[in-house]
Each structure stands twice: as structure tokens, then as C-alpha cells.
Amino acid sequence: MTVHDDDILDFDFVDDETRELAPTTRPGGTRPPGGDGPRGGGGGPRRPQFRAPHGITPLLRLAGLVALAILVVVLLAIWVQGCAAEDDQTTYSAYLGDVGEVGRDSAKVGADLATLLTTPGLAQTELETKLGGFVQRQQLDVERARDLDPPGPLTPAHAYAVQALELRVTGLQGMLDTFRATKDTDDQTAAGQQLAAHGTRLEASDVVWRDLFQGTATATMTTEGVEGLNAPASVFVENPDLYTARSMSSIWQRVHGASTGGTPGGLHGSALAYTEVQPAGVQLSTTTETKITISTDLAFEVGVTNSGENQEVGVKVKLTIPAQPTAIAKTGTIDVIDPGETKTVTFSDFPDFPFGENTTVQVTVEPVAGETNTGNNTAEYPVVFTLEPS
């Protein structure tokens, strides 16, 4: 082994201050006994020496460096995870906003359809034109939904949203085709049943949107840890009674009853059936004064009966309390009511009542088109308002 080899193997793990001092040389150039030679022999090559570190300072430094490295890695992982979660929240929010806009436009089509079907004096040509426009608007909503790019986990839920919109297109197109195909027929019952079948698809679309799209999307976001966001609603059929076979049959009769879209023949009429105080359930009398206890949930329920032979739409009901200095007046509407059917209008959220005064509650049902007997359309009930007992 050469001197260079000795230098290579002479490892040093400590600072200069802790370095072991080499043996000194005696005067005269001799080494002390037990020198570098083997077994204390003469001047052969030195045996390599491996020195161990002295003290705990180097170990503490090493431990500190390792801890610092771990801390950096942990903080970096947390930062990356936070950025990813923030990106997910933004992506989900943007998608839900876009699909919500489509859902709201589709719901507006449903509201416009209900308004069309309850329009007095509706002519066949007007119905076909507007219904065809609704089909086009709804088809556009389908295309807009298909063009959306949902976050990966919401892809199954988004497919249900598209399915709901497609059901609405199918229902609208089916109604339009039925009105056209039955234009020259006289079978009111069969036409009503066919129209109701297409109305069922419209109702089913609401179930698909609510249970499958909203339900699946909500569950998925919970699983993915996306918080603070809600899947948007889209309700196409606000009043299911409008799309029953009986109701659709009456609508068909009303549209086809007059060749010019005017008032169909037969008896027309609406009658005030009753007025009841809620939540007490006390029915008002036109001959006996009724004491009414004032409360925050006080309301009046007015029953209206279709006393004619035709379906009536847009029936207006007015309730008035002639208080001083300003009368209390409220108006409600019954969208559609079939012959012999009784429907209700509820009036609530009143301002201050005329406490302690003898007054009246006046109710009027406005006459429908073609109505000749209006003697049963109004009533005036004597009442006195009292405070709740303390």
C-alpha cells in the first residue's frame, strides 16, 4: 500500500477541532515505542486508520436536514392537493352553471306551454305555430346540453340530463302531431287520451332530471369531496292536472269547438262554492257574522266550481276587505278547470286587519267567456277581526 492509498483510506468524519492528534516524534528523530510498524516494529508502511466521529453535533445536523426535507415534501404535497381541489371546484361550478342555464330555458318552455294550453279562444293555427316553436326551442336545449363538457365523474349524471331534455322534445312533438292528426275528427275522448300520453312523457322528464340527474350528481360530488355546490333543478310540468286525459280532452274540445278559435258552444259558467278561514277551517256565512282571530298564518280559501259544460281557463278570483283608509284587495287565478270540477284559490300574507271593526269579506269570481248566469259569482260575508288571546 502506498502513501496515496493511505490518504484515500484515511476517512475523517469530524471537524478539525475534534481531530485526533498524531503521535509526536522524540528528539533525535526516533519514535516512541509501539510505533506505526507491525507489532511495534520498524518503519514499514502505516496501517490505515478509520476514525469514528466524536460528539453528537453531526448527527443532530443530519437529523435536522432530514426533518426539513420531509417538511418540504409534506408542504408541497398539501399545496398541490389544495390547487387540485380548487381547480375541481371551479370546473364543477362552471359546468353546473352551464347545465343550469339549459335547464332553466327548458323549464321556461314548459311554462309557456301551460300558458298556451290555458289561453281562452285558442285557435288551431295559433296552437300549431306556437307548439312547433316550442319543439324547436327544446331541441336547441338538447343540442346545447350535448355540447357541454362535464367533469369526468359527472358524465353519467349529465347523460341523464340529456335524456330528460330528449323526453321533452318527444312529448312536445307528439302533442303537435296529435293536434294535427285529429283536426278533422270528432272523437274527443280518443284525442284526449293520446295527448295525455304525450303529457306523461313531459312529467317523466321531470322525474329523470330530479332523481337521476340531480340525485346522481349530488351523490357523485359528495364522493369526490366537492362541497358547496348544488345540481340545478328544471321543472317542466308545474301543474300535472293540466295533462290528464280529462283535461287534455277538454282542451282539445275547446280548440276544436269553434272553427275560428272563438268560444265553443254549450253552457259556460263558474260559481263561487265557498269561502273558508284557514287554519281554523271555519266556513264564512253570508247571513251570520263570523269572528276571525288574527294570526300570522291567517288565510282565506275560496272554492270555485265549473258550473258549465266546457273547460274554462284563466278564471279570475278577487277577495276584498273594505278596510279604512285603504281597502285590502287580492287576486288569484285558476289556470284550468273542467266541467263539474271544484278548485281552490288561497289568499294569504295580509297586511294589518281592521281590528275590532264590523266589516265584510267580499269575494268575486269573474264571469268566463260565454257565461250568462252570474248570480252565483259573488258573495259578501259579515266578519269581525279579533286578537289572539294572550
Side-chain angles (χ1 to χ4, degrees), residues 111 114-115 118 120 235 237-242 244 246-247 250 267-390:
T115 300
T118 57
V235 180
V237 177
E238 290 285 357
N239 180 14
D241 291 342
L242 183 63
T244 64
R246 178 182 179 183
S247 178
S250 297
L267 182 63
H268 290 266
S270 57
L272 174 60
Y274 64 86
T275 301
E276 193 170 271
V277 180
Q278 297 295 346
V282 177
Q283 189 164 315
L284 297 181
S285 169
T286 57
T287 58
T288 304
E289 183 179 77
T290 303
K291 290 184 178 181
I292 300 175
T293 302
I294 299 173
S295 64
T296 56
D297 56 351
L298 177 60
F300 294 94
E301 180 183 282
V302 177
V304 178
T305 300
N306 184 340
S307 56
E309 300 172 344
N310 296 273
Q311 182 187 68
E312 305 297 346
V313 295
V315 180
K316 303 291 184 182
V317 183
K318 185 176 182 180
L319 183 144
T320 305
I321 301 174
Q324 296 296 330
T326 304
I328 301 171
K330 287 182 173 290
T331 302
T333 303
I334 298 175
D335 293 332
V336 57
I337 183 170
D338 293 323
E341 186 178 16
T342 298
K343 287 194 172 182
T344 62
V345 177
T346 300
F347 301 96
S348 59
D349 297 325
F350 287 90
D352 293 337
F353 290 96
F355 165 70
E357 300 178 11
N358 293 326
T359 185
T360 60
V361 173
Q362 303 168 3
V363 179
T364 300
V365 180
E366 293 187 6
V368 297
E371 183 173 3
T372 56
N373 178 20
T374 60
N376 53 7
N377 287 50
T378 62
E380 186 171 9
Y381 308 100
V383 300
V384 58
F385 292 96
T386 62
L387 295 177
E388 288 182 301
S390 57

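Throughout, residue positions are numbered sequentially from 1 according to the sequence presented. Computed over heavy atoms, backbone and side chain alike; hydrogens, waters and symmetry mates excluded.
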Asker: Does K318, at its NZ atom, have more than 12 non-hydrogen atoms belonging to other residues, nucleotides or ligands within less than 6.0 Å?
Answerer: no
Asker: Measure the spacing between CD of Q362 and CG of L319 and express it to the nearest 0.5 Å.
Answerer: 9.0 Å
Asker: List the atom of P279, the atom of L298, and the distance in Å for their closest heavy-atom pair.
Answerer: CD-CA, 4.5 Å
Asker: Contact between Y274 and T305 at the side-chain level, heavy atoms closer than 4.5 Å - yes or no?
Answerer: no
Asker: Kindly write out the residues that satisfy ring-ring contact (aromatic ring centres under 6.0 Å, His included) with Y381, not counting sequence neighbours, or none if the list is empty.
Answerer: none
Asker: Can a donor-acceptor pair be found, under 3.5 Å and without considering hydrogens, that links the side chain of T244 to the backbone of P240?
Answerer: no
Asker: CD1 of I292 to OG1 of T386: how many Å apart, nearest 0.5 Å?
Answerer: 8.5 Å
Asker: According to side-chain hydrogen bond (donor to acceptor under 3.5 Å, both in side chains), who are the partners of S307, at least two apart in sequence or on a separate chain?
Answerer: none
Asker: I need the full list of ring-ring contact (aromatic ring centres under 6.0 Å, His included) pairs touching residues 321-351, with sequence neighbours left out, sorted by first then second residue.
Answerer: F300-F350, F350-F353
Asker: Can you tell me if E309 uses its side chain to pair, donor with acceptor, with the backbone of L267 under 3.5 Å?
Answerer: yes
Asker: Applying ring-ring contact (aromatic ring centres under 6.0 Å, His included), can you list everything that pairs with F355, at least two apart in sequence or on another chain?
Answerer: none
Asker: Does V383 reach the side chain of T359, with side-chain heavy atoms less than 4.5 Å apart?
Answerer: yes
Asker: At their closest point, which heavy atom of T290 faces which heavy atom of S285, and how far apart are they?
Answerer: OG1-N, 4.1 Å
Asker: At what distance, to the nearest 0.5 angstrom, does OG1 of T326 lie from CD1 of I321?
Answerer: 13.0 Å
Asker: Could you work out, with side-chain contact (heavy atoms from CB on, under 4.5 Å) as the rule, every residue matching A111, not counting sequence neighbours?
Answerer: none
Asker: When you compare the side chain of S348 with that of D297, does any pair of heavy atoms fall below 4.5 Å?
Answerer: no
Asker: Looking only at the side chains, is there a donor atom on one of E380 and T360 sitting less than 3.5 Å from an acceptor on the other?
Answerer: yes
Asker: For K330, check side-chain hydrogen bond (donor to acceptor under 3.5 Å, both in side chains) against everything at least two apart and list the hits.
Answerer: none
Asker: Side chains of D241 and K343, heavy atoms from C-beta outward: is any pair under 4.5 Å?
Answerer: yes
Asker: Residues in side-chain hydrogen bond (donor to acceptor under 3.5 Å, both in side chains) with Q311, at least two apart?
Answerer: S247, R254, D338
Asker: My understanding is that only residues two or more places apart in sequence, or in another chain, count here; which of them pass side-chain contact (heavy atoms from CB on, under 4.5 Å) with T118?
Answerer: L242, V313, D335, V336
Asker: State, to 0.1 Å, how close E312 and H268 come at their nearest heavy-atom pair, and which atoms those are.
Answerer: OE2-ND1, 2.7 Å
Asker: Output the distance between atom CD1 (I334) and atom OG1 (T342), rounded to the nearest 0.5 Å.
Answerer: 9.0 Å
Asker: Going from CD1 on I337 to CG on N310, what distance comes out if it is rounded to the nearest 0.5 angstrom?
Answerer: 12.5 Å
Asker: Give every residue pair that meets the side-chain hydrogen bond (donor to acceptor under 3.5 Å, both in side chains) criterion with at least one member in residues 364-376, sequence neighbours excluded.
Answerer: S270-E371, E371-N377
Asker: Got a sec, which pairs hit ring-ring contact (aromatic ring centres under 6.0 Å, His included) with one end in residues 312-333, sequence neighbours left out?
Answerer: none
Asker: Tell me every residue that passes side-chain contact (heavy atoms from CB on, under 4.5 Å) with E289, counting only those two or more places apart in sequence or in another chain.
Answerer: N358, P382, V384
Asker: Can you sort out the partners of D352 under side-chain contact (heavy atoms from CB on, under 4.5 Å), two or more places apart, ordered by chain and number?
Answerer: none
